[in-house]
Asks: 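Quick one: the structure is below, and I'll ask about it shortly.
All heavy atoms count here, side chains included; hydrogens, waters and symmetry mates do not.
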Amino acid sequence: MPPIPRLRIYDGPALLSNGFRPFFLLGSIYAGGAILLWLAVYLGGAGVPSAFAPLDWHMHEMLYGYAPAAIAGFLFTAVPNWTGRLPLQGRPLAALAALWAAGRVAVFFSGVTGWAFAALVDCLFPLTLGAVVAREIVAGRNWRNLVAVALVTILFIGDVAFHLESHLRGAAVYGARAGLAATIMLIIVVGGRVVPSFTRNWLARENPGRLPVPAGRFDAASTGFCALALAAWTLAPHAFVTGLLAGLAGAAQAFRLSRWAGDRTGADALVLILHVAYAFIPMGFLLTAAAAFDLVSSSAGTHAFGAGAIGVMTLAIMSRASLGHTGRALFASPSLRLVYVLAVVAALARVAAALLPEWGFTLLLAAGFAWSAAFLGFAILYWPILTKPRASR
């Protein structure tokens, strides 16, 4: 992998000096704030002037609001490493961040401006993100990573479908599942590289011994199998074949994770949290399989994927990448470790709320407040890191 290229000569705001900075900061603030608003709506004390039904607004803004911001921050940091090309910064980066923010405003006020206008503004961001990333990958002839473009394209299609379904049918179903499936596949593909890679690097330096098993045919086959299971779930979540495929995918991903030596990383929270986050992938598949056979609520698997895999993994990647790419030591402070704990508690509580309906209300509130505390805590903790120039070691 070629080293990350040097930045262009740039004397503007540090926030716009690299792609991860605005998207990680804005995304984390939005993730925490939007859930606080959703709790107010859920408790009956507030409303949103959106054309979406309240539940659809909540789902959309997590899947097509927060998640694409985290994905954009990651891709604008990873693509220069993949291709050897210069990173995006300055005015083009500001324009993309503004486009993302415009989508959030448009969706929020879509009940006033009309659903079609909001859909147009909102869907422009994933479409533009995919085009920019595709241009860089093609220019760098880095064909292996075109899979990221394919998944962002599915995210765009899912966003369009979400708007159309919500308008025509009153509730989004396929669009919601498509967005969740595309994001989970991105975590499976990218996480399958970075989790064992970061683990191997840390173990080789700090804790010699058993290392992650190198990727091979099993990893490729299990990834393809997960894509098949997620496609079946998107189209027919309660079909027998979906339950069978999801159960096998969950078992395969659990075995895959067990080969990465995560049990040896307890001394470094920055590495351990990657394994904890990835563990929600097999959990999500297994709960999805159970839901297909009417054993549990479908919400359990959905939130294992959403609050667990997406929420915890994006926090893990954002915190590590921000430290590394701003010249700071890869060390998890006590405050950052608390952020991790809150995110994991939020995910587990939200899954438990679906599994234990008698405790559902209390667990849902606990999950919401823990989630908001985690993401707003990250934003406060990382504000100086993301808005100030790179540290000199």
Side-chain angles (χ1 to χ4, degrees), residues 1-31 33 64-106 120-142 145-146 148-149 151-153 155-156 159 186 190 314 317-328 375 378-393:
M1 184 180 297
I4 189 168
R6 293 189 305 174
L7 301 177
R8 297 179 180 89
I9 296 174
Y10 175 77
D11 59 1
L15 183 64
L16 300 176
S17 63
N18 211 312
F20 66 90
R21 291 176 181 263
F23 285 108
F24 286 175
L25 184 59
L26 293 174
S28 59
I29 293 172
Y30 190 71
Y64 295 110
Y66 165 66
I71 291 169
F74 168 77
L75 288 177
F76 287 143
T77 304
V79 167
N81 268 339
W82 294 346
T83 64
R85 289 170 57 80
L86 290 169
L88 191 73
Q89 57 185 163
R91 290 182 180 178
L93 178 58
L96 279 171
L99 184 60
W100 173 83
R104 312 286 56 77
V105 174
L120 175 63
V121 176
D122 177 49
C123 295
L124 275 177
F125 179 73
L127 178 64
T128 306
L129 174 62
V132 171
V133 173
R135 181 196 66 186
E136 294 300 300
I137 289 178
V138 170
R141 302 179 67 83
N142 187 255
N145 288 304
L146 278 175
V149 178
L151 292 171
V152 173
T153 301
L155 205 61
F156 163 70
D159 198 5
L186 191 60
V190 175
T314 52
I317 294 295
M318 290 192 302
S319 56
R320 184 186 185 94
S322 298
L323 292 174
H325 288 283
T326 58
R328 290 165 173 82
F375 281 88
F378 171 86
I380 293 169
L381 189 61
Y382 273 69
W383 181 282
I385 295 173
L386 296 170
T387 59
K388 292 183 179 179
R390 179 182 174 89
S392 57
R393 291 185 181 177

Asks: Ring-plane angle category for Phe375 and Tyr66, please: parallel below 30°, perpendicular beyond 60°, tilted otherwise.
Replies: perpendicular

Asks: To the nearest 0.5 Å, what is the distance between CG on Leu99 and CZ on Arg104?
Replies: 9.5 Å

Asks: Can you tell if the side chain of Leu129 reaches within under 4.5 Å of the side chain of Trp100, non-hydrogen atoms only?
Replies: no

Asks: Let me confirm one number: the CG-CZ distance from Asp122 to Phe156, rounded to the nearest 0.5 Å.
Replies: 10.0 Å

Asks: Is there a side-chain contact between Thr77 and Asn81 in this structure, where contact means two heavy atoms from C-beta onward sitting under 4.5 Å apart?
Replies: no

Asks: Provide the closest heavy-atom pair for Asn18 versus Leu93 in the form atom of the first, atom of the second, distance.
Replies: O-CD2, 3.4 Å

Asks: Should the ring pair Tyr382 and Phe378 be called parallel, tilted or perpendicular, given that the plane angle runs from 0 to 90° and is split at 30 and 60?
Replies: parallel

Asks: Within the 4.5 Å heavy-atom criterion, are Leu88 and Leu96 side-chain neighbours or not?
Replies: yes

Asks: To check you understand the geometry: which heavy-atom pair defines the closest contact between Ala379 and Leu25, and what is its length?
Replies: O-CD1, 4.0 Å

Asks: Under the side-chain contact (heavy atoms from CB on, under 4.5 Å) rule, what do Val149 and Ile137 come out as? Steps first, then yes or no, please.
Replies: CA-CA 9 Å; Val149 178; Ile137 289 178; 3.9 Å; yes

Asks: Once the angle between the rings of Phe125 and Phe23 is folded into 0 to 90°, is it parallel (under 30°), tilted (30 to 60°) or perpendicular (over 60°)?
Replies: tilted

Asks: Could you tell me the separation between the NZ atom of Lys388 and the CZ atom of Arg328, rounded to the nearest 0.5 Å?
Replies: 8.0 Å

Asks: Using the ring of each side chain (for Trp, its six-membered ring), is Phe74 parallel, tilted or perpendicular to Trp82, with breaks at 30° and 60°?
Replies: perpendicular

Asks: Between Gln89 and Leu16, is there a side-chain heavy-atom distance shorter than 4.5 Å?
Replies: no

Asks: Would you indicate whether the side-chain heavy atoms of Arg135 and Val132 approach each other to under 4.5 Å?
Replies: yes

Asks: So which heavy atom on Gly140 is nearest to which on Thr83, and how close?
Replies: CA-CB, 4.1 Å

Asks: Taking C-beta and beyond as the side chain, do Leu186 and Ile71 meet within less than 4.5 Å on heavy atoms?
Replies: yes

Asks: Please report the shortest heavy-atom distance between Pro68 and Leu155, naming the atom on each side.
Replies: CG-CD2, 4.0 Å

Asks: Quick check for you: to the nearest 0.5 Å, what is the distance between Arg141 atom CZ and Arg85 atom CZ?
Replies: 12.5 Å

Asks: Could you pull out the closest heavy-atom pair between Met318 and Ala70, with the gap in Å?
Replies: SD-CB, 4.5 Å

Asks: Take Thr326 and Phe20, measure what side-chain contact (heavy atoms from CB on, under 4.5 Å) needs, and give me the verdict at the end.
Replies: CA-CA 10 Å; Thr326 58; Phe20 66 90; 3.7 Å; yes

Asks: Closest approach of Leu15 and Pro22, non-hydrogen atoms and distance?
Replies: O-CD, 3.0 Å

